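Report on one structure; see the data block that follows.
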2 protein chains.
Amino acid sequence: MSSRRSPGQRAGLTRPLVLATARELLAKDGLPALTMRSLAQRLEVSPNALYSHIESKTTLIDDVLDDVLAEVDVPDVAVTPPAVGLQALMASTYGVLLAHPDLVPLYLARQGARGPNAQHLGDVVLALLARADVDGPHAREALHVLIVYTIGFAAFTTRAAETLTDGPGSQSQELADNFDSGLCWLLNGIITPR
Amino acid sequence: MSSRRSPGQRAGLTRPLVLATARELLAKDGLPALTMRSLAQRLEVSPNALYSHIESKTTLIDDVLDDVLAEVDVPDVAVTPPAVGLQALMASTYGVLLAHPDLVPLYLARQGARGPNAQHLGDVVLALLARADVDGPHAREALHVLIVYTIGFAAFTTRAAETLTDGPGSQSQELADNFDSGLCWLLNGIITPR
DNA sequence: ACCTGAACACCGTTCAAGT
DNA sequence: ACCTGAACACCGTTCAAGT
């Protein structure tokens, strides 16, 4: 309510801090609880102070989504066989999504992320596809199918985890196996259509 | 602004009319443009009048999403071979989704609809799966995979339609074919895992 | 039962200050 | 450059009327 600072004083706010706090709030209370005002309150700052560090609420969320993708393990394009690399990359992405269940609906709505990390992951997928002689529009199509499949499956899994509320173990492992098999079918269809 | 009616007079509002107008607004200007207030204005009514016909904005959207599913062609469970019926049902659903591109992101976010039409479609899928000796948790899992796949693919297709902006013909047909092949792979994996 | 008027408790964002 | 105060133009929803 009543601020301890007068107009001139700094609050020590920083862009990474804002993003991290937004992530924290998202993980703790979900999307509806993340408002500019709640975020500002958590940082003990007035709402409009955030606009010195981010452009808008939309770009804030976009940036959070892209940030998380930095956790994905990227295979070495040069030495990894395409099919193996694609399987590993998508499986790692799937794992990262499962580690952030609260964000999955957001990825779904935006059909992926848009920032530099997402861009890089997309480039790696395209490079692996190219090494399997898949390129052009066909490759971009395959990329989008893989993205939708992975996010869609993660949405399914996290939702199942909510409803079943079982101890993390057998059932989650089973679902991950299902992800792998479905992914394998898709990759077969993508890589060997000729 | 200034209403033509005094408190006691009726506006001829009706639940189906409210839902239809919401759909209209959604199709014309998208989700952000659909507010209780814009909807009320279009119906020439004050915002709170809507609450005599709907419970909340959330249930309004849920109902709109379920309504659209009435357009899906449902195969006769008794006489249609399971694999054929599932392929036909999901393909019809896919077609309906493509006919309402503005709603696809909403289905994505909610991972399907929740009302009576969605319930019925789900029951039909489960009945077809049962006739293929798939039941129990495995069947519910398969149902969710099919839902996510179909909505996910529709999201991909509508988005591709936006970016490419090609005349509706060759390319759209190609995408529909891709949907069918992917669906076929999935059904193979679901129906013959033993 | 169905509608209006007025209000409540919020939003995201902008603009003019202050240091 | 970074922050505050105040305000703007919105939201969804509720509550007390009126007929």
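A quick note: this is a predicted structure, and the numbers were derived from the prediction, not measured. In what follows, every chain begins at residue 1, and chains take the letters A, B, ... in the order their sequences are listed. The analysis underlying the following values was restricted to heavy atoms, covering all of them including side chains, and did not include hydrogens, waters or symmetry mates.
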> What is the distance from CD1 of B:Ile54 to P of C:dC2, rounded to the nearest Å?
Replying inline: 14 Å
> Whole Å only: how far is the CD atom of A:Gln41 from the C1' atom of D:dT4?
Replying inline: 16 Å
>> Check this for me: B:His53, atom NE2, are more than 12 non-hydrogen atoms of other residues, nucleotides or ligands nearer than 6.0 Å?
In response: yes
>> Between B:Leu143 and B:Val84, is there shared hydrophobic-cluster membership here, with clusters defined by ILVMFWY side-chain heavy atoms closer than 4.5 Å?
In response: no
> Between B:Ser6 and B:Gln9, does any side-chain donor sit less than 3.5 Å from a side-chain acceptor?
Replying inline: yes
>> Just N and O in the side chain of B:Arg5: are any of them under 4.0 Å from OP1 or OP2 of C:dC3?
In response: no
> Does a sphere of radius 6.0 Å around CD in B:Glu71 hold more than 12 heavy atoms from other residues, nucleotides or ligands, not counting ones at 6.0 Å or beyond?
Replying inline: yes
> Of the nucleotides D:dT4, C:dT4, D:dC11, which has the atom closest to the B:Pro7 side chain?
Replying inline: C:dT4
> Does any non-hydrogen side-chain atom of B:Phe153 lie less than 4.5 Å from one of A:Val148?
Replying inline: no
> More than 12 non-hydrogen atoms from neighbouring residues, nucleotides or ligands closer than 6.0 Å to CZ on A:Arg140, yes or no?
Replying inline: no
> Can you tell which of B:Asp66, B:Asp63, B:Thr14 makes a side chain to side chain contact (heavy atoms under 4.5 Å, CB included) with B:Leu19?
Replying inline: B:Asp63
>> Which nucleotide wins on minimum distance to the side chain of A:His53, given the candidates D:dC2, D:dT4, C:dT4?
In response: D:dC2
> Closest to the B:Thr35 side chain: D:dG12, D:dT4, C:dC3?
Replying inline: D:dG12
> Any side-chain heavy-atom pair from B:Leu43 and B:Leu50 closer than 4.5 angstrom?
Replying inline: yes
>> Quick check on side chain to side chain contact (heavy atoms under 4.5 Å, CB included): which of B:Leu86, B:Val72, B:Val74 does B:Val124 satisfy it with?
In response: B:Val74
> Quick one, which residues of residues 10-18 of chain B touch DNA chain C with a heavy atom under 4.0 Å?
Replying inline: B:Arg10, B:Ala11, B:Gly12, B:Leu13
>> Less than 4.5 Å apart, side chain to side chain, heavy atoms only: is that true for A:Asp135 and A:Leu129?
In response: no
> Contact class for A:Ser46 vs. all strands (heavy atom < 4.0 Å): base, sugar-phosphate, or nothing?
Replying inline: base
> What stems involve DNA chain C, if each pair must be Watson-Crick or G-U and both of its distances must be under 3.5 Å, with 3 or more such pairs in a row?
Replying inline: C:4-8 with D:12-16, C:12-16 with D:4-8
>> Parallel, tilted or perpendicular: which one describes the rings of A:Tyr94 and A:Phe179, with boundaries at 30° and 60°?
In response: parallel
> C:dT4, C:dC2, D:dC3: which one has an atom nearest the side-chain heavy atoms of A:Ser52?
Replying inline: D:dC3
>> Can you work out whether B:Gln9 or A:Ala49 has the more 5'-proximal nearest nucleotide on DNA chain D?
In response: A:Ala49
Just the table, please: protein N/O against nucleotides 13-16 of chain D N/O, every pair under 3.5 Å.
| residue | atom | partner | partner atom | Å |
| --- | --- | --- | --- | --- |
| D:dT13 | OP2 | B:Tyr51 | OH | 2.5 |
| D:dT13 | OP2 | B:Lys57 | N | 3.1 |
| D:dT13 | O5' | B:Tyr51 | OH | 3.1 |
| D:dT14 | O4 | B:Asn48 | ND2 | 3.2 |

